[in-house]
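Along the sequence shown, the residues carry numbers beginning at 1. Note that this is a predicted model, so its numbers are computed, not measured.
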Amino acid sequence: MAATVLVTLALGATPAAGEGAPAASDLPVAGTFTYPHFGKASGTRVVGAVHAVRRVPGATAVYYSVGTAPGSGAPLSSTTAFEPRSTPYKIGQAAAVTVTDPVELTAYRPLTVEGSGGLVSDATRATAEPGRLLVVYALLPELPATTTTVDVQLEWGVSVTNVPVGDGPLEPAVDADHVALGEGWPALPAADLVAAADPAASTFALRSRVADVEEATTTEETTEEVSVSLAADFFFASGEWELSAKGRSKVEALAAKIVERGATAVTVTGHTDSEPDERIGNDELSKRRAQTVADLITGAAPGVQVSVEGRGQAEPVAPNGTAEGRAKNRRVTVDYEVTR
């Protein structure tokens, strides 16, 4: 549903806004969403909008609105619109909000304070007729100063992406946990309550996982660490430890990336499947393959300290009972920490 249509329908069913409340044309809308009650296809259709993500003292505020679809015949209630969350959040709190910074690979959940649960709207008594939207809020940890846009995930996994990050709370503020859309914005918790929350408990590092088109390399990374898995069948002939020409090219590219990311130390570890190597044994084969990769990295990145390990069949990542599983276990991993 288009943002303008959603807001117009909501305001058209809402009593006249109070003095100082924003007009429909002044309401910020970053994106809209819809989902069925309790995530079930047969459930009452819930509609809504993310209005803003704002930097506020000591936190980040997310303002969004929810309601049931016009003509649905089902009024909004806390059990209709808000996904239940477990401890430390309380029953009825609008706490199913996650803000993701895809650049910094970090996710943020609502702040919590012992005894108060989440610093979010209490939606226990939230009600609205079909077609009316109620605005609620959630306070999350402060975002990095360099973050300009984020993705917002709400109830039952619906998302609004590329939401701009602005400054300051929305106004006018109304002293209520939830406010009818067009009648102002819910007031945020007091500064002393925000200060009592532990941002670290609501901040989570994300891990990305990307495979190249040939599935020769798979890269997993956080903001601090990178792990690259090299599929042995692409890089080496069966039972051998000399790199193929195409494998050599990929390791050289990997070495350039290691230098680019500012790594100073790298660990290269070889692994095999459970099929015994009759010539030199699995442990030795895994170590020799790791050494070959390490030697090429050392030559291409002379300032980087490279260590080598051979684990043989000791650390499988898939069952060895199938050909596919054994292929996944034949690998060399390259692990390093990044500074940029």
Side-chain angles (χ1 to χ4, degrees), residues 1-35 45-56 59-70 75-83 85 89 92-99 110-111 118-140 150 152-156 158-160 163-190:
M1 183 180 295
T4 53
V5 174
L6 180 67
V7 172
T8 300
L9 284 172
L11 290 180
T14 301
E19 184 178 351
S25 59
D26 297 328
L27 289 171
V29 178
T32 60
F33 56 84
T34 180
Y35 58 87
R45 182 61 53 178
V46 177
V47 296
V50 172
H51 295 284
V53 174
R54 310 282 288 198
R55 300 182 191 276
V56 297
T60 301
V62 177
Y63 297 90
Y64 66 104
S65 59
V66 292
T68 53
L76 173 74
S77 69
S78 62
T79 56
T80 301
F82 301 102
E83 181 182 352
R85 309 305 284 183
Y89 304 106
Q93 289 193 321
V97 180
T98 301
V99 165
L111 294 166
L119 298 189
V120 300
S121 288
D122 180 354
T124 305
R125 299 183 179 181
T127 60
E129 293 304 310
R132 291 186 61 184
L133 301 185
L134 293 183
V135 180
V136 294
Y137 74 85
L139 281 188
L140 296 83
V150 293
V152 179
Q153 181 173 308
L154 299 165
E155 272 72 20
W156 307 111
V158 298
S159 297
V160 175
V163 179
V165 179
D167 294 315
L170 294 181
E171 295 180 344
V174 177
D175 187 16
D177 273 299
H178 41 80
V179 181
L181 183 63
E183 296 185 353
W185 308 97
L188 303 178

Exercise for the section: May I ask you to test the V135-P186 pair for a side-chain heavy-atom distance under 4.5 Å? Expected result: yes
Handout entry: Heavy-atom pair with the smallest gap, counting every atom of Q93 and G118
Key = OE1-N, 2.8 Å
Exercise for the section: Measure from the side-chain N and O atoms of T34 to the backbone N and O of V46, and report whether any donor-acceptor pair falls under 3.5 Å. Expected result: yes
Handout entry: CG on L188 to CG on L119, rounded to 0.5 Å
Key = 10.0 Å
Handout entry: Over all atoms of both residues, closest heavy-atom pair of A52 and L170
Key = CB-CD1, 3.9 Å
Exercise for the section: Using modelled atom types only, decide if a donor and an acceptor are shared between the side chain of S121 and the backbone of D177 within a distance under 3.5 Å. Expected result: yes
Practice task
Locate the shortest heavy-atom distance separating P110 from A95; write the atom from each residue and the value.
Solution key: CG-O, 3.5 Å
Completion exercise
Exactly one of Y137, W185, Y64, Y63 clears ring-ring contact (aromatic ring centres under 6.0 Å, His included) with H51, and that residue is W185
Handout entry: For the student: nearest non-hydrogen atoms of V179 and G184, plus distance
Key = CG1-O, 3.8 Å
Problem - Side chain to side chain, V163 and V99, heavy atoms closer than 4.5 Å - result: no
Completion exercise
P164 and A30 have their tightest heavy-atom pair at CD-CB, 4.5 Å
Exercise for the section: First locate atom OG1 of T60, then atom CZ of R55, and finally report the distance between them rounded to the nearest 0.5 Å. Expected result: 6.5 Å
Handout entry: Gap between atom NE2 of H178 and atom OG1 of T124 - 0.5 Å precision
Key = 8.0 Å
Practice task
Please assess V50 against L154 for the test side-chain contact (heavy atoms from CB on, under 4.5 Å), listing each intermediate value before the final yes or no.
Solution key: CA-CA 9 Å; V50 172; L154 299 165; 3.7 Å; yes
Practice task
Could you tell me whether a side-chain N or O of R54 sits under 3.5 Å from a main-chain N or O of G168, the two making a donor and an acceptor?
Solution key: yes
Completion exercise
Tightest non-hydrogen contact, residues V56 and P169, listed as CG1-N, 3.8 Å
Practice task
For residues L133 and L76, determine if any side-chain heavy atom of one lies less than 4.5 Å from a side-chain heavy atom of the other.
Solution key: no
Practice task
Verify, without hydrogens or angle tests, whether Y35 (side chain) and E155 (backbone) share a donor-acceptor contact under 3.5 angstrom.
Solution key: no
Problem - Interatomic distance, L134 atom CG to T127 atom OG1 [nearest 0.5 angstrom] - result: 7.0 Å
